[in-house]
Amino acid sequence: MSATIKDIARETGFSTATVSRVLSGKTGFFSSKTAVIVNETAAKLGYKKNMAATELVTQKSNVIAVIVNSTKTNFSDQIISGIQKKADEAEKRVIILYAGDRDERAQKIALSTALERPILGILLLAVDLFPSNLEILTFSNTPFYFISISFKNNKLNYISSNDQEIGYQATKYLITQGHKNIGIAGLNITNSAHTGALRFKGYQKALHEAGILFKPDWLQAGDYSYKSGITALQKYYLKKDVTAVIAASDLVGIGILNECSRLKISVPTELSIITTDGTSLCELVRPQLSSITQDFYRMGYLGTTYLINSVQSNAYTNIVISQRQSVKKFNDFDH
């Protein structure tokens with residue numbers, strides 16, 4: 001058992017009230033000498049403040065729960081960096097929980113773990129909750145924001161990129177480089193997947209403006225994972241139709257790139273690839289991958305800012321931020 005305030009009071013001879021004030025960082029109620037004695041005794045006895053107990057008493061919490069999708073993507077670290085930066089500035093603490101990979105039970109466990117203790121609010125990173133879990137969240141009366149995912153339901157607070165513009169920009173760029181047979185790979189376009197649907201809509205808009213007739217085989221759906229990229233390239237290889245591919249994530253792009261290497265397809269001479277995240281992975285592979293770069297750090301920072309502010313507000317907030325408008329170009333698309 002760790003030492004308690006009573007143990008420190010007994011050791012020092014001060015009252016429990018005085019010890020409590022010192023350990024809580026209050027001033028004006030005791031001398032600096034008293035503070036030194038109490039803090040030294042606390043360190044000697046191994047005292048650790050029980051934050052959970054304190055929060056239960058005060059009904060206030062400085063803890064932000066971050067729930068992360070365990071899908072094999074790689075942008076969460078940038079979002080978490082933004083979250084941590086704002087949390088540090090606001091003197092809040094962060095705990096991270098994992099919600100599995102489209103796993104209803106894992107999502108419920110993560111939500112329950114967060115909601116069973118006092119928290120300031122919840123940030124969900126690219127987590128598309130099952131309806132039963134979304135009901136748990138919305139009925140909990142706990143402030144929350146979804147990050148890097150958008151919804152048709154305007155009563156769900158979220159911070160995301162302009163996903164339709166991402167699809168449009170990537171397609172438009174490839175068209176300007178002379179491509180007419182353009183695939184799009186790794187998107188989740190199921191009925192509930194609003195983000196993927198928006199990107200596909202932007203892709204179709206750019207094709208339509210250029211007078212290019214979309215072929216169903218150009219769309220190879222997936223879950224934004226490395227494996228989705230490999231599977232998509234195998235399908236494209238069989239048809240030998242597309243000359244360029246828009247990857248739904250950097251990992252999808254790397255899956256396509258590595259499968260091209262295995263099948264002796266030259267990138268970008270025979271196949272051009274553009275991704276839609278723009279993380280550091282684009283620079284680590286060879287050849288390096290061009291991208292439409294999303295500002296994940298800003299999503300995390302803004303999401304935390306709005307979450308902290310929403311404690312005093314019941315307004316719904318749907319923020320769509322612009323990704324960097326220019327393509328981050330590493331390879332030469334020209335044929």
Side-chain angles (χ1 to χ4, degrees), residues 69 71-79 126 148-149 160-177 179 181-189 193 195-196 198-203 206-207 218-236 242-261 265-299 321-334:
N69 193 338
T71 298
K72 305 302 185 291
T73 54
N74 65 302
F75 55 78
S76 294
D77 58 339
Q78 295 181 39
I79 299 176
S148 189
I149 187 171
S160 75
S161 291
N162 186 332
D163 287 297
Q164 183 171 333
E165 189 64 15
I166 285 176
Y168 180 82
Q169 282 185 26
T171 311
K172 190 77 171 179
Y173 185 81
L174 291 172
I175 291 170
T176 64
Q177 300 303 309
H179 294 283
N181 292 19
I182 302 170
I184 186 166
L187 286 177
N188 181 353
I189 55 168
T195 297
L198 287 175
R199 292 190 190 176
F200 186 58
K201 186 176 180 180
Y203 161 81
L207 291 181
W218 290 355
L219 170 63
Q220 295 298 328
D223 62 359
Y224 303 92
S225 67
Y226 176 83
K227 185 176 180 180
S228 290
I230 292 175
T231 301
L233 195 279
Q234 290 170 351
K235 299 288 181 64
Y236 292 137
V242 302
T243 62
V245 181
I246 301 164
S249 72
D250 292 345
L251 284 177
V252 172
I254 294 171
I256 293 171
L257 182 66
N258 286 350
E259 191 65 4
C260 281
S261 177
I265 299 170
S266 176
V267 176
T269 305
E270 296 178 79
L271 183 72
S272 293
I273 305 168
I274 187 168
T275 74
T276 52
D277 285 340
T279 67
S280 60
L281 289 183
C282 292
E283 301 176 52
L284 298 178
V285 294
R286 293 295 182 272
Q288 295 177 323
L289 290 171
S290 297
S291 68
I292 300 293
T293 303
Q294 299 189 65
D295 199 341
F296 293 115
Y297 179 91
R298 187 175 175 219
M299 288 185 208
I321 67 175
S322 296
Q323 59 285 347
R324 300 171 196 173
Q325 295 301 310
S326 60
V327 174
K328 188 176 182 182
K329 185 177 178 182
F330 286 117
N331 53 44
D332 185 1
F333 286 109
D334 296 333

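On a predicted model such as this, the values are computed, not experimentally measured, just so you know.
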Please answer whether the main-chain N or O of [Y] pairs with a side-chain N or O of [X] as donor and acceptor at a distance below 3.5 Å.
{"X": "Thr243", "Y": "His179", "value": "no"}
{"X": "Tyr168", "Y": "Lys201", "value": "no"}
{"X": "Asp163", "Y": "Thr195", "value": "no"}

[X] [atom1] to [Y] [atom2] distance, which is reported to the nearest 0.5 Å:
{"X": "Trp218", "Y": "Ile182", "atom1": "CH2", "atom2": "CD1", "value": "7.0 Å"}
{"X": "Asn162", "Y": "Gln294", "atom1": "CG", "atom2": "CD", "value": "10.0 Å"}
{"X": "Ile166", "Y": "Ile292", "atom1": "CD1", "atom2": "CD1", "value": "8.0 Å"}
{"X": "Thr293", "Y": "Gln169", "atom1": "OG1", "atom2": "CD", "value": "10.0 Å"}

Considering all heavy atoms of both residues, which atom of Ala232 and which atom of Gln220 are nearest to each other, and what is their separation?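 In terms of heavy atoms, the two residues are closest at CB-CB, 3.7 Å.
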For the residue pair Thr275 / Asp250, report whether a side-chain donor-acceptor contact shorter than 3.5 Å exists. yes
Modelled atom types, side-chain donor and acceptor of Thr231 and Ser228, under 3.5 Å: no
Go through the structure and list residues passing side chain to side chain contact (heavy atoms under 4.5 Å, CB included) with Ile230, not counting sequence neighbours. Tyr226, Gln234, Glu259
Could you list the residues that satisfy side chain to side chain contact (heavy atoms under 4.5 Å, CB included) with Ser148, not counting sequence neighbours? Phe75, Ile79, Phe296, Met299
The criterion is ring pair (Phe, Tyr, Trp, His ring centres under 6.0 Å); which residues satisfy it with Tyr297, sequence neighbours excluded? none
Given Leu198, Leu187, Leu174, Ile184, the one that forms side chain to side chain contact (heavy atoms under 4.5 Å, CB included) with Tyr203: Ile184
